[in-house]
Amino acid sequence: MYTEYIDIRTDRKNALEKAKRLILSGEVVAVPTETVYGLAANAFDEKAVAKIFVAKGRPQDNPLIVHISELSQLDGLVEEIPEKVKIMAEKFWPGPLTMIMKKSGKIPSAVSGGLDTVAIRMPKSEYARDIISFCSVPLAAPSANLSGSPSPTRAKYVMEDMNGRIPLIIDGGECEIGVESTVISFVGEKPRLLRPGGVTLEQIESVIGKIDVDNAVLNKLEQGQKAASPGMKYKHYAPKADITVVKGSLEGFCDFVKDKNCFVLCFDGEEKNFKNALSYGKIDDGQSQAKRIFDSLRELDEMGAKTVYARCPDLKGMGLAVYNRLIRSAGFNIIEVGK
Ligand code: AMP
Ligand code: MG
């Protein structure tokens, strides 16, 4: 399949028209959002949704997020809208927040991975919203990477993974946030954080009070353990290189890697301590790390890195989302130095 590429920043009308024509005829189109690029299809079209799973090589039981461009679209998609969802929508939509509710009969089971719930988000990116409004249907869209690879934050990385697999990639430039949305379930008694992301736990709790944090956010699921968020049980975000996350001080880290033939993933300004180093943001700024983390994982592969030791982010604010992605990219290979 030939994969066409259109830059929506310079060729807007063409981008919107081609995206609409393809999506409404049951095809899959890569679109920019403020979090990462998404692989979008008409959420009501079961056959189109099936093509997303094929293009990504995604396991069928890993559900997709349904993207809307206005609140009125939510009504038909869910059984009921919990009060807390209304409060959260008011505060954080449009934005990097996904909320899980009981699904309505209109959501095909391919979208929900066979669950009776559905994940919904209203993206903030004007390009994503324009594409959804122009198509007049909600779009089911996971991240636009091959399953298991780091999520793409630039169209060139979508092209790397999806060339020949989908008919169209819309370029909207670099994603503003760089990690995926925060996923919260509002189905059980208490809201539960299933995946940290662009809206921080602190921001959420300042609006609706304490919520539960799913065990899979910070820990590896043991064999046979059920995942509240099916995506959490799969190998994820992994570059070709072998990554190890190293907790502890910079001093301890330097000591640990000094005789090793390796690459180092570090914070801005620390590069001078190492032979082969790449920085993924400022040490005290989770937002800057989020913006760089997936790119830097792909850049390490471009640099030919085989063994990588990564400095561990602080878990505060956006750091929690960065840590969640980094430990998965490392296959939960985590060590501590300098104790
Ligand atoms: P991605 O599409 O790559 O951003 O991943 C979406 C994430 O949301 C995955 O971890 C999914 O498992 C999770 N997800 C989507 N829908 C649901 C749902 N109905 N219940 C629980 N988790 C969900
Ligand atoms: Mg993904």
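Order of listing sets the numbers, starting from 1, for every ligand and every atom in it. Just so you know, residue 1 is the first one in the sequence shown, and it goes up from there. In what follows, every heavy atom counts, from backbone to side chain, and hydrogens, waters and symmetry copies are set aside.
In this model, a donor atom of one side chain and an acceptor atom of the other lie less than 3.5 Å apart for Arg121 and Thr33. A donor and an acceptor atom, one from each side chain of Asp171 and Tyr37, are located under 3.5 Å apart. Ser151 and Glu180 form a side-chain donor-acceptor contact under 3.5 Å, judged by distance and modelled atom types alone. At a cut-off of 3.5 Å, with distance as the only test, a side-chain donor of Arg195 or Ser181 sits close to an acceptor on the other residue.
Contact check on Arg192 versus Asp214 returns a salt bridge, with a Lys/Arg side-chain nitrogen under 4.0 Å from an Asp/Glu carboxylate oxygen. With salt bridges taken as basic N to acidic carboxylate O contacts below 4.0 Å, one links Glu299 and Arg292.
For the side-chain contact (heavy atoms from CB on, under 4.5 Å) with Phe332, the lone residue among Ile327, Leu221, Val245 that qualifies is Ile327. Partner of Asn163 under the side-chain contact (heavy atoms from CB on, under 4.5 Å) criterion, out of Thr3, Ile169, Val158: Thr3 alone.
Note on the Mg ion (ligand 2): protein N/O/S atoms under 2.8 Å are Ser143 OG.
In this structure, ligand 1 sits under 4.0 Å from heavy atoms belonging to Arg58, Asn62, Pro63, Leu64, Ile65, Ile100, Leu115, Thr117, Val118, Ala119, Pro142, Ser143, Leu194, Arg195, Ala228, Ser229, Pro230, Gly231.
Between Phe267 and Tyr280, the ring planes are tilted. Angles from 30° to 60° get that label.
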